[in-house]
2 protein chains.
Amino acid sequence: MLNGSSRKVAESYRQRVLHAARELGYTPNLPAQAMARGTSRTIALVISLISDPYFSAMAAEIMKQAETLGLHVSIAVTERQADRELDLVRELRGQQPRAIILAGSGYVDPPSEQQLVDELQRYEETGGRVVLISRSDLPFETVDFDNHEGARQLALQLAGLGYQRCLVLGSGTPLLSMQRRVEGFVAGLEESGVADAGSRVHHPDFSWSGAREFILGLGDDQLRDLQLVFAVTDDMALGALAGLRERGLRIPEDLGIAGFDDITTLRDVVPNLTTVHVALDAVAEEAVHRATTTDPNPTRRTAPAYPVLRASTPPLPT
Amino acid sequence: MLNGSSRKVAESYRQRVLHAARELGYTPNLPAQAMARGTSRTIALVISLISDPYFSAMAAEIMKQAETLGLHVSIAVTERQADRELDLVRELRGQQPRAIILAGSGYVDPPSEQQLVDELQRYEETGGRVVLISRSDLPFETVDFDNHEGARQLALQLAGLGYQRCLVLGSGTPLLSMQRRVEGFVAGLEESGVADAGSRVHHPDFSWSGAREFILGLGDDQLRDLQLVFAVTDDMALGALAGLRERGLRIPEDLGIAGFDDITTLRDVVPNLTTVHVALDAVAEEAVHRATTTDPNPTRRTAPAYPVLRASTPPLPT
DNA sequence: TTGTAAGCGTTATCAC
DNA sequence: GTGATAACGCTTACAA
């Protein structure tokens, strides 16, 4: 009765109670409130890895948005294991959060997908909201980046600078969003008249070390033939960069390099990496908005992703 | 009665109930459980900034530890505002977490310190546990790094390489742990016979840009006189590095540079940065252990911090 | 072993 | 306006 109820109380009592509350250090018992009201003020967020710059930036933006609405955020991590996702959702559901936001990468056709969908649907039936970020494959509210278009534009611009023979590093674990990036990049190259655009696509392990090790395993001749390495995330691009340097190549003199995401880490990397900037803040805002708004039919919205050309991909001499 | 109670039930019923539960997608209502039991399975974590590599690594370690004990983690962020801490603790207390871990930097003598202590003590009186990380100034369980010793050892080693005229970048907002680092570094220099060891200590804004801007504002003569820049965090060291490069200095040829924390970001920075490694995992483990164990009298424990010399501080020619 | 009832802290409802 | 009471979903204590 202290908080937003419609009860009318004499102001004098109100003041006395408020004062006593302060005096005694009273704080409303949120779980009890949630139980009585039937709805909590918590949003559950599922991400892959909190120590990853991309996800921690995403989490930060989501928390910021939640904060403005007076909501708490409970975070759970999958550690990149597809099956963990299902368990986590089950556990989180028990916390009775107002909404569950799945921001971990969406696996292509994981064995447990149907179970995940069932679980989420049951959650929705009990009044919860589900929002998906970066995985437009499931029948729920979805916010996504325009992965295809961002990568395509990047390829167009790079081709304009003269880059043709591009090594593309996709993700070893099949993730929908990463596949889109590969497709977009290849499409952009093809549009620019690059003949064998799709012939240099590979899928190392989806990590910094995966990219690095792939580069280290490349034959000298394959490496020398290249003009550019494009990786589907900045994380992988940086791993590739490390590998290329270990192979004795100078960047960007010998080889250009480009990534995707525009993570903060890039600030400290020399040469400055060309990448595709994604509007994290817009996506976070949209996701939290969806999570707290009741809208009968699920929509998909796409946030912009646009290339940012920097020192790692100078114009090629003609 | 489904979970760890002492009730004895016929196995056949048990199976049937378990089956039905699965069938219907039943999940125990955690808040209700918490209310009935009087204790929840949630740990509340307060940090400064989730997008900061140091804090996100810390959060990741804490979540990992909590996970092994079947606990959930609810994260709240102060955004580096000292007064937010108090509000957050109040709010968090309402969530009735089993423990509150304060990992945000400890401000030296904030105006609201007494209120914060009161609030935390009230929380403890109602059965909650309080654990402090990196701020050994309050009467609660504390886990800390050996900031002084780590910085001192770093200074000793650097002095051994020939570095004498060192610019020290401390924290503009007075933080206990950062002060220790400055003191330790200066002490190490003094022990090594550097005469004016404490004369080049400055306190720019506690951030990447703070450090960068400080460097940009330095006079040419002051800059040229230096042999090394030591910043109390890697984040600041990287900001300084950016500034130094903008000033046209080559690192490490013209100037050495060193930081503190050994954040993951350093992996991608050239030259590799000399820093002080802190055992985040050990601290996280200890913190979660303390948070879940009842120990009548608060203890302070210190985790090791040791220098790691890398390419940014080569031996000086003699 | 099993059923029953009380109680956790809060909100909402329904009379007064 | 205000007081009393049921209800939220679960655990626990006490009988049966």
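Here is the naming used below: chain letters follow the sequence lines, and residue numbers restart at 1 for every chain. Basis for what follows: all heavy atoms, side chains included, without hydrogens, waters or symmetry-related copies.
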Among residues at least two apart in sequence or on other chains, which ones pass side-chain contact (heavy atoms from CB on, under 4.5 Å) with B/D87?
none

Rounded distance in Å - CG (B/L30) to P (C/dG9)
18 Å

Taken in chain and number order and not counting sequence neighbours, the residues that satisfy side-chain hydrogen bond (donor to acceptor under 3.5 Å, both in side chains) with B/D118 are B/Q114

N/O contacts under 3.5 Å, protein versus nucleotides 6-9 of chain D?
| residue | atom | partner | partner atom | Å |
| --- | --- | --- | --- | --- |
| D/dC8 | O2 | A/A36 | N | 3.4 |

Please determine whether a side-chain nitrogen of the Lys or Arg among B/E125 and B/R122 lies less than 4.0 Å from a carboxylate oxygen of the Asp or Glu.
no

Separation between CD (A/E285) and CG (A/L280), nearest 0.5 Å, reads 13.0 Å

Presence of salt bridge, B/R129 and B/E124, under 4.0 angstrom:
no

Could you tell me, to 10°, how much the axis swings from one end of the helix from C/dT1-D/dA16 to C/dC16-D/dG1 to the other, five pairs per end?
50°

I'd like to check the side-chain hydrogen bond (donor to acceptor under 3.5 Å, both in side chains) partners of A/T264; sequence neighbours left out, ordered by chain and number.
none

Give a yes or no answer on whether the side chain of A/N147 reaches the backbone of A/R181 with a donor-acceptor pair at less than 3.5 Å.
no

Would you please name every residue forming a side-chain contact (heavy atoms from CB on, under 4.5 Å) with A/D52, sequence neighbours left out?
A/L49, A/Y54, A/F55, A/R80

